[in-house]
There are 2 protein chains.
Amino acid sequence: MIQPEILCQSPIFRGISPDELQELFRQIHYQVKSYQKNDLITIAGEVCDRLLIIQEGSVKAEMNDYSGKTIKIEDMSAPWPLATAFLFGKENRFPVTVSATSDVVMVSIPKPEFVKLLQLNSLILNNYLNTISTRAQFLSQKLKFLSFKTIRQKIAHYLLEKAGERLQTVEVPQSQKQLAEMFGVTRPSLARTLGEMVQEGLIETQRRAIKILDKAKMNQLLKG
Amino acid sequence: MIQPEILCQSPIFRGISPDELQELFRQIHYQVKSYQKNDLITIAGEVCDRLLIIQEGSVKAEMNDYSGKTIKIEDMSAPWPLATAFLFGKENRFPVTVSATSDVVMVSIPKPEFVKLLQLNSLILNNYLNTISTRAQFLSQKLKFLSFKTIRQKIAHYLLEKAGERLQTVEVPQSQKQLAEMFGVTRPSLARTLGEMVQEGLIETQRRAIKILDKAKMNQLLKG
DNA sequence: TTTGAAATGTATCAAATGTTACAAACAGTG
DNA sequence: CACTGTTTGTAACATTTGATACATTTCAAA
């Protein structure tokens, strides 16, 4: 049995009232499945032809590398939808193996039924489009970030992005260690490069605050 | 005036007959705008509240860096849709400035009208969902690829991906130069690393064919 | 076959970054 | 205050890659 009060908090059904959701679900076919802890929910490579939403409990996603070993990717819990980017698109297979990390109840909506749902209710349609679009935007941003090769460029991009048009002083909310991880570099390398940039008069650092002294030169770095 | 024969070749209207498309467009509001060469079509930062489809001619997308200089991003021509990932999602602004590189006719469909279209016709809905999902998958793949740091890892990942479970010999359809570009490294560096891997007995190369000799060690490389 | 352009293999050197290690500065706690 | 763990600055050295140059091979057109 579905629980509309929970499902309507899912990003896909956000804004729908529980009653309305109940009514919508009456118009489509779907399944509610229970899993016990450690049960497999999807297997990597399996065709993804239905939308899965966690109604209760939590799951983990793991990926198999080429030798068959598993690497943990992500944890998710109710009321989150699974693999929204793989229901449509060219590659219709789950990229990950999902298994229950607690007792779990999943709502499973076959793709054609979900399409029906999208056409019945424009809010759901908008929500779903927003979900995958936001994901695409997020990935695009991340990709742009990785496209900067040198550490200097990454720092410059990060600071200019944060600073925007106006401010010159940027509050860095992360430790150097976290920042380095985000940049995909080691902590000492980041510190060294920051140090060099200070010496060259590009920036000033004070603990968590970084002041941009020469915006023009910083921009220059990103051209390369 | 829209030209259904052209528009139905757009990824969004693929599979729709020209007549059907004509009929669908009768049910919504839209605009057809003409631009002359070098006219601005969208400006980076502008709110993206309508779907734009090139009906005639070609455009270029440019991005402003922080200092205001422009960098060319992409060329597109009829019948391609613009910025499909930015019509929905959190960030509803064009990331790029688009200008005409020839005389151009654009079809402009306001977002609410496009949503109507999606609800009227499930093929269009599927097409659009496929478009953005495929894009998300593409970005995701690319990101995964970039997550491998060393050239050895990139080669290993590429080869194991291509080889799958079965084959040991991989046909490389690209030249070293193209491959290097795809990996984001220089051509001599790629050749050097390939050479090293041959010497270590990991692979054998014969022109465009690469034979994987030691899958276990290749996998090892990806663990890091 | 000859020829020339493109693709490939290889070498050398410089630059960027990783690795490791350690010291100094800071923040919280008893 | 003294103590302790975390964050930050810095150094020495190793590794990886980029840049550049040039020789060799391949392949297709004349």
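Chain identifiers are assigned alphabetically (A, B, ...) following the order of the sequence lines, protein sequences preceding nucleic acid strands; residue numbering begins at 1 within each chain. Please read these numbers as outputs of a predicted model, since none were measured by experiment.
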Query raised in the report: Taking everything shown except A/Glu200 itself, do over 12 heavy atoms lie less than 6.0 Å from its CD?
Result: yes
Query - Leading and trailing nucleotides of DNA chain C with any atom under 4.0 Å from heavy atoms of chain A - result: C/dT17 to C/dC26
Query raised in the report: Within the distance-only criterion (no hydrogens, no angle test), does the side chain of B/Lys149 pair as donor or acceptor with the backbone N or O of A/Gly184 below 3.5 angstrom?
Result: yes
Query raised in the report: Is a side-chain donor or acceptor of A/Ser99 paired with a backbone partner of A/Asn38 at a separation under 3.5 angstrom?
Result: no
Report summary line: Minimal heavy-atom distance between B/Ala156 and B/Leu221, with the atoms involved, is CB-CD1, 4.2 Å
Please tabulate, one pair per line, each protein N/O and nucleotide N/O from nucleotides 13-20 of chain D that are separated by under 3.5 Å, including the distance.
unit_1	atom_1	unit_2	atom_2	d
D/dT17	OP1	B/Ile151	N	2.7
D/dG18	OP2	B/Thr186	N	3.4
D/dG18	OP2	B/Thr186	OG1	3.4
D/dG18	OP2	B/Ser189	OG	2.9
D/dG18	N7	B/Arg192	NH2	3.1
D/dG18	O6	B/Arg192	NH1	3.3

Query raised in the report: Does B/Glu46 CD have over 12 foreign heavy atoms under 6.0 Å away?
Result: yes
Query - ring pair (Phe, Tyr, Trp, His ring centres under 6.0 Å): pairs with one or both residues in residues 171-194 of chain B, sequence neighbours excluded - result: B/Phe145-B/Phe183, B/Tyr158-B/Phe183
Query - A/Lys37 NZ to A/Thr101 OG1 distance, which is reported to the nearest 0.5 Å - result: 7.5 Å
Query - Side chains of A/Thr193 and A/Lys154 in contact at under 4.5 Å (non-hydrogen atoms) - result: no
Query raised in the report: Among all residues two or more places apart in sequence or in another chain, which pass the side chain to side chain contact (heavy atoms under 4.5 Å, CB included) test with A/Arg135?
Result: A/Ala85, A/Leu139, B/Ser140
Query - Protein-nucleotide distance (A/Gln199, atom CD; D/dA11, atom C1'), rounded to Å - result: 13 Å
Report task. Describe, as an angle rounded to 10 degrees, how the axis at the first end of the helix from C/dT1-D/dA30 to C/dG30-D/dC1 is tilted relative to the axis at the last end, five pairs per end. Result -> 30°
Query - Atom-to-atom span, CD of A/Gln206 to C1' of D/dT7 - whole angstrom - result: 17 Å
Query raised in the report: For A/Lys142, does the NZ atom have more than 12 heavy-atom neighbours from other residues, nucleotides or ligands under 6.0 Å away?
Result: no
Requested in this report: Would you give the length of the straight line joining atom CD1 of A/Ile16 to atom CG of A/Leu123, rounded to the nearest 0.5 angstrom?
Outcome: 4.5 Å
Query raised in the report: Quick one: are B/Asn126 and A/Phe88 in side-chain contact, heavy atoms under 4.5 Å?
Result: yes
Report task. May I ask you to decide if B/Thr84's main-chain N or O and B/Tyr128's side chain share a donor-acceptor pair within less than 3.5 Å? Result -> yes
Atom pairs under 3.5 Å, N or O on each side, protein against nucleotides 22-28 of chain D: can you list them with distances?
none

